[in-house]
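One structure is given below, encoded as structure tokens.
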There are 2 protein chains.
Amino acid sequence: MARASQTEIAVLGGLSIQPMTGYALREAIREVLGHFWSESYGQIYPTLANLEQQGFVRRQDAAQARGSTFAITPAGIRHLEELLAQPVQATPPRNGLLLRLYFGRHLGPAACRTLVQAMLTEAQDALERYARIRAEVEGQDSGDRDYWLLTVSAGEHSARAAQAWAHEALSTLTELDDMAGT
Amino acid sequence: MARASQTEIAVLGGLSIQPMTGYALREAIREVLGHFWSESYGQIYPTLANLEQQGFVRRQDAAQARGSTFAITPAGIRHLEELLAQPVQATPPRNGLLLRLYFGRHLGPAACRTLVQAMLTEAQDALERYARIRAEVEGQDSGDRDYWLLTVSAGEHSARAAQAWAHEALSTLTELDDMAGT
DNA sequence: GTCATCATGTAAACCGTTACATGATTGT
DNA sequence: ACAATCATGTAACGGTTTACATGATGAC
């Protein structure tokens with residue numbers, strides 16, 4: 001069942017926007033897709049080599065000063081379209097915060113509050129990042145724009161939900177703490 | 001950096017609620033923690049063997065009819081508390097839906113709508129499941145009750161956010177489709 | 001009697017990160 | 001000159017799933 005690694009989507013997709021070195025690709029994935037995707041060098045370089053061998057990407061500028069810039073080929077575009085059309089493979093959920101909270105009785109309300117508080121701060125940082133990204137994306141005029149905004153909006157909805165839940169959880173935990181104290 | 005596997009938390013935590021066989025443990029994790037955690041047999045059995053060797057769990061009822069029921073020991077409880085106190089290790093994000101949507105221009109609005117629609121259905125199913133779980137948990141009187149409700153609430157917030165975003169995304173994608181049609 | 005479920009375990013494969021090695025280029 | 005960054009790769013490790021093998025028990 002040759003499960004096409006989703007890494008190929010990220011790599012080909014990135015190169016479909018503009019040619020890049022492997023290093024730049026990783027930076028782009030970290031900075032632009034960072035809130036819903038990640039790749040490490042250990043994935044990117046072998047994948048690039050693999051894609052090159054299959055003719056889906058090629059190195060351009062033979063006399064490169066530093067590194068080699070990879071560009072997607074027409075066959076690569078077609079391959080990307082095929083990969084995108086494959087059903088989203090659901091990754092089994094693993095939320096370390098909720099796992100700890102579920103067994104929170106062993107941890108105590110105060111320690112739980114600390115965990116939730118940290119998560120709340122993260123959600124707020126995320127919202128600020130999204131605001132910056134949104135402003136940047138809205139300012140440009142590309143065929144990708146509306147799709148990119150869709151992913152920003154997903155992040156915003158999710159972060160606001162996390163924020164609302166965290167506030168609720170903090171007050172519940174405070175109550176639990178007060179009851180234990182009396 | 002002996003990264004304590006979070007599987008131990010799930011296993012010890014499960015046994016802290018009641019003694020169980022490995023099989024029952026897996027079922028419990030699937031059914032009860034299913035919306036934020038998962039474990040496979042390949043993890044559970046070796047972990048149980050390992051925990052037994054360290055004296056954190058023991059097999060009870062020597063003359064068992066089927067399988068052996070594992071119970072957590074006092075040392076196991078202490079170990080669980082230590083594990084719970086360890087910082088939540090953030091897993092790198094990997095959202096296959098958003099990855100596809102980001103490169104949605106290559107996929108087209110109609111195919112994107114199908115993906116979002118599938119996700120919307122999932123969110124609605126999830127909300128129904130949460131309603132059932134909530135009713136069940138609210139009906140009981142355990143020291144764990146409020147912690148469990150916290151995790152249910154997290155699921156509800158997240159599912160409602162997904163729902164709201166999906167509706168928004170569907171109308172955006174419909175507009176994109178109409179513009180392409182004219 | 002036979003089918004579904006309960007139960008235990010293992011081996012192989014996969015996916016992915018981390019850490020390391022190496023060196024060129026640029027800025028100061 | 002030196003540090004920071006750009007750049008490419010690989011090896012080792014670790015966690016996790018999947019598939020398989022095996023068999024007991026209970027329901028019908």
Side-chain angles (χ1 to χ4, degrees), chain A residues 1-11 14-15 19-31 33-34 36-53 57 59-70 83 86 89-96 99, chain B residues 1-11 14-15 19-31 33-34 36-53 57 59-70 83 86 89-96 99:
Chain A
M1 218 179 281
R3 57 172 73 272
S5 166
Q6 306 200 101
T7 296
E8 290 198 359
I9 299 184
V11 168
L15 295 181
M20 273 179 272
T21 64
Y23 182 88
L25 200 45
R26 205 253 171 150
E27 287 302 289
I29 289 171
R30 225 165 46 87
E31 280 166 25
L33 314 187
F36 59 84
W37 204 258
S38 78
E39 294 292 348
S40 60
Y41 290 130
Q43 293 278 98
I44 286 177
Y45 285 112
T47 299
L48 274 173
N50 193 29
L51 288 171
E52 188 184 23
Q53 216 181 346
V57 306
R59 288 169 210 257
Q60 58 186 30
D61 56 57
Q64 64 276 24
R66 29 191 344 184
S68 37
T69 304
F70 289 89
L83 292 176
Q86 286 185 1
Q89 52 202 90
T91 49
R94 265 166 166 250
N95 185 322
L99 182 66
Chain B
M1 215 177 280
R3 57 172 71 274
S5 166
Q6 307 199 97
T7 295
E8 290 197 359
I9 299 184
V11 167
L15 295 181
M20 271 179 272
T21 64
Y23 182 87
L25 199 46
R26 205 252 171 149
E27 287 302 289
I29 290 171
R30 224 164 47 87
E31 281 165 25
L33 314 187
F36 60 83
W37 203 258
S38 79
E39 293 292 349
S40 60
Y41 290 130
Q43 293 279 98
I44 287 178
Y45 285 112
T47 300
L48 275 173
N50 193 29
L51 289 171
E52 188 183 22
Q53 217 181 348
V57 306
R59 289 170 210 255
Q60 58 186 31
D61 55 56
Q64 65 276 23
R66 27 190 348 178
S68 35
T69 303
F70 289 89
L83 292 176
Q86 286 184 1
Q89 51 201 90
T91 50
R94 267 170 164 245
N95 184 323
L99 181 66

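Letters A, B, ... mirror the listed sequences (proteins, then strands); counts begin at 1. Computed from a prediction, not measured in an experiment: that's the story for all the values here.
Between S68(A) and dT8(D) there is a side-chain polar atom (N or O) within less than 4.0 angstrom of OP1 or OP2. The phosphate of dT18(C) (OP1 or OP2) has no side-chain N or O of S40(A) nearer than 4.0 angstrom. Between dC6(D) and Y23(A), a contact under 4.0 Å exists linking OP1 or OP2 to a side-chain N or O. Residue R94(B) places no side-chain N or O under 4.0 Å from the OP1 or OP2 atom of dC15(C). Regarding contacts with the backbone of dG15(D), every side-chain N or O of S5(B) stays at 4.0 angstrom or more from both OP1 and OP2.
Computed from coordinates, the Q6(B) CD to dG14(D) P distance equals 16 Å when rounded to whole Å. One interatomic measurement links the two molecules: CD of Q43(B) to P of dC15(C), which rounds to 16 Å at whole-angstrom precision. Between the CD atom of E39(B) and the P atom of dT8(C) there is a distance of 16 Å, rounded to whole Å. At whole-Å resolution of the value, CD1 in I44(B) and C1' in dT17(D) are 12 Å apart. Look at CZ on R59(B): it is 14 Å from P on dA7(C), rounded to the nearest Å. The separation between L51(A) atom CG and dG9(D) atom P is 13 Å, rounded to whole Å. Distance CD (E52(A)) to C1' (dG9(D)): 14 Å, rounded to an integer number of Å. The CZ-P distance, from R30(A) to dT18(C), rounds to 12 Å in whole Å.
Projected onto DNA chain C by closest heavy-atom contact, S38(A) and Y45(B) fall at different nucleotides, the more 5' of which corresponds to Y45(B). Both E27(B) and G42(A) lie near DNA chain C, and the one whose nearest nucleotide falls closer to the 5' end is E27(B).
Comparing dG16(C), dA7(C), dT8(D) against the side chain of Y41(A) picks out dT8(D) as the nearest. Of the candidate nucleotides dT17(C), dT16(D), dT5(C), dT17(C) has the atom lying nearest to any side-chain atom of P92(B).
Remark: T91(B) OG1 to R94(A) CZ distance equals 9.5 Å, nearest 0.5 Å. Rounding to the nearest 0.5 Å gives a distance of 6.0 Å between CD of E39(A) and CD1 of I44(A).
Shown are L15(A), V57(A), T7(A); of these, the side chain to side chain contact (heavy atoms under 4.5 Å, CB included) with L51(A) is made only by V57(A).
When atom types are taken as modelled, the side chain of R26(A) and the backbone of S40(A) share no donor-acceptor pair closer than 3.5 angstrom.
Here the side chains of F70(A) and R59(A) are in contact, with some heavy-atom distance below 4.5 Å.
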